[in-house]
Amino acid sequence: MHYGGDYNPEQWPEEIWPEDVARMREAGVTMVSLGIFSWSRIQPAEGQFDFDWLDRVIDLLHEGGIAVDLATATASPPPWVHERYPEVLPVTADGVTLGPGSRQHYAPSSPVYRRLASELVTAIAHRYAQHPGVVMWHINNEYGCHLHADYSDTARDAFRAWLEKRYGDVETLNDAWGTAFWSQRYTSFSQVLPPRAAPYSHNPGQLLDFHRFTSDMLLECYLMEKEIIRAAGATQPVTTNFMGPFKPANYAQWAPHLDVITDDCYPDPNDPESFRDAAFQRDLMRSLKPDVPWMLMEQATNALNWRPSNAPKAPGQMEALSIQCVGRGADGILFFQWRQSRAGAEKFHSAMLPHAGTDTRTWREVTRLGATLAALGSLPVGTDARVALVMDWENWWAIESPDHPSNRLDHLAVLQRWYRALHRRHVAVDIVTPEQVDERHSLVIAPTLYLLRPEGADALVAHVRRGGHLLTGPFTDVVDERDRFLDGGFLTRLGPVLGVGIEDFGALAVAGGGPGEAVAPLTGPFGEAIGTVLAEEVILRGADAVATFSEGRRAGGPALTRFSGEGGTGWYLATVPDEAGCDAIAGHVLEAAGVRAVIDGAPDTVDVSRRGNVVTVVNFGSEPASVPLAGTDLATGEQVEHVDLEPYGYALVAQ
Ligand code: GLA
C-alpha cells in the first residue's frame, strides 16, 4: 500500500529537502511522484541537461526510504521550446493558437514536440533506469486534461495520415463518412481537414474519427515514451495518470498499455452526494485492469483552487474518500501535492504539508491516514461483481454528436445515474465495454448504447442467449462504428433478444407549455417514474410491456419491456428515467435477475465494497450508522457482528 504525493522540490531551496524527507517519514509517506513539471529545470536549453539536482533528490529520498515514481517531465515544455519552435503550440477549432505561460501547450501530433520529448525521456530513462529508488515511471501528466483536441496544421497533417492508414483509399473514407451528402466527396486525403470552425454542422463520421484520432495521438505520445523507457532497460511498472471518466481519451483502449492504472480524483467536498460519482470513478479504474490493484495518484488533502468556490473538506472526509478507494481496489493513496506551493497558480491548493505548517488539521489527518494505511497489510484482489454497466468511449463520442432527435442527452450523466441506483443498493458493478461482458455477469445494463460495434452486439446477444439479463435503451443500437444507420431500421442487432423494435425516438420538448410534452411519466410494478429526454415508440415483437407511459403522446404505450424468448431476459427501456425512476427500475430488474447486494441492511449513505473476503464500509451520511457485518474487524482484530460508524467512519471486515 503506497502513500504519498507529487513532490516538486525544484520549487524550494535545497536546504528544505532533508526536512521534507524527515516530514515524509513522519507522515508515513512511502512514495512520491517526482519531476512531473521539471522539464525546464532538467533541460535549461536544447542539448543541455542538468541532472545533478535530481540525482541528489532521488538519492536523498532513497536513503530516507521513500520510493520514487519518476516522471518523464514532458507535460509542460519550457520557454526555450516555443521560442525556438513556435510550431509546437496547439490551435483551437476557431484558429486561436494557445500560447505558453500555463501548461500543456503542445500539439500532441507535433513531430518537433515528439522529438524534443523523446530526447528528454531518453536522457532521464538512461540515467535512472537502474536506480534502486525508482519503483515506477510516471509518463507525462493527465494527457489531454486542458487541451481536449488540437486543430493545428500539425494535427491536420497527422489526421490525414491517420485516415489514410485507417481507410487505405479515399473512396473507403467517402463511404464511411457518407460524403455523398452536402457535396462533401473527397478526391484526395489532402482535402480533409480537422473539424475546424465551419458555417454549420460537421460530418458526423468526421467528428467521430477526429475523436478517435485525438485519443490515438495522445496514446502515441505515451507509447513513444514507454518504448524509450523500456529500451533503456528499465523494468519498473509504467503508468500515466488518468482522470476518471475523461471523454477525450479512450481509457478502455489505453488500459492494456499501462502496467498499473493510476487515477486523479477531486470530488466536490461540498456536494453530499459526490462520493457516489467518486465510487463510479473508482469502479471504472478497477474495471480497466481488474487483476492489478490500481492507485489513486492524486486527490486533495483539503481545499482546491480551481472550482468557482473551493470549500474545505470536512474533518474525516479525506480519510473516508481514501478508504473508499482502498475498498474499491486501490493499493496506493497519493495526493497533489506534498508541500503547498508558495507561488504560482496553485498556491491556494491544499497539500499534505500545508503552508500553515504541521500544527494544522490537514497535517494531523495526513499523518493519521499514513499510519492507518501502513497498518492495513495487503488486501485481496477481486470484486466478484455480477452486474456490468456498459461504458464505451466511441459510443460516448458518437451519441453526443449534434443533430440528434434530442441534443440534450448527457451520456455520462445517464451512466452515473444508473450507477448511483446500484450504489445505493450496495451492488458490486464492473464498468466495461460491450465486448468485455462475460459469463461472470448475470445482469448487463447498457443505457443509451447508440453506437454498437458488431463484436459488442455479438457479446450482448451471446450474454442473453446464455441466460443473462440485459437492460438497455433508449437510443440504443442505432448506428454502426462509422455512425451510419444499418439496413432494417433500428435495434437491428439487439432487437431479436429484446423482442422489440423502435419506430420513433420521440424526443421530449425542452420545456412544457406547448403541444409537445417535456416529460413522460410511466407506471409499472416498481411504482411511478418520470421519463426524460425521449419517449420512444416501441413496437412489441414478442416482449411484454412491464411498464407503460401513463400520460401524454405515448400514454398506454410500452415504457419498459421484458422478453424471455432467447434463453435469458432482454429488457428495453423507452426513456431516460429520472433519479428516483432509475432507482426503482434498477431495484425491479436486480430482483428479477437474482442479484444480491454485497451485504444487506446498510443505509444507502454507506459505501459498501468488497475485495475478496474483505468488506469495506464507509459512512458518508451525516448521521451515525449501524451496519450488520459479521467478521474480523481488521483495525482491532476483533470479531464483530455489526459495525457502528460515525459520519466519515469506516471499517474493513474480513469474512
Ligand atoms: C491535476 C494535475 C496536478 C494539479 C492538480 C490540481 O490533477 O495533475 O498537477 O494541477 O490537478 O488539482
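FYI, side chains are in, hydrogens and waters are out, and symmetry mates aren't considered; it's all heavy atoms of this structure. Worth saying up front: this structure is predicted, and the values here are computed from it rather than measured. Just follow the structure's listing: the first ligand is 1, and inside any ligand the first atom is 1.
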Could you check V238 against E225 for side-chain contact (heavy atoms from CB on, under 4.5 Å), going step by step and ending with a plain yes or no? CA-CA 10 Å; V238 174; E225 294 197 19; over 6 Å; no

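Enumerated by chain and number, the residues approaching ligand 1 to less than 4.0 Å through a heavy atom are F37, R103, N141, E142, D264, Y266, E298, W306, F336, E346, H349.
For S33, the side chain to side chain donor-acceptor pair (under 3.5 Å) partners two or more places apart in sequence, or in a different chain, are D69. R156 pairs by the side chain to side chain contact (heavy atoms under 4.5 Å, CB included) definition with D153, R160, L193, P194, R196, not counting sequence neighbours.
Side-chain contact, D607 with H423: a donor N or O sits under 3.5 Å from an acceptor N or O.
Under the side chain to side chain donor-acceptor pair (under 3.5 Å) criterion, the residue pairs touching residues 231-244 are W137-Q236, N141-N241, T239-T262, N241-D264, N241-E298, with sequence neighbours excluded.
Checked against the 6.0 Å centroid threshold, F242 and W294 do not count as a close aromatic pair.
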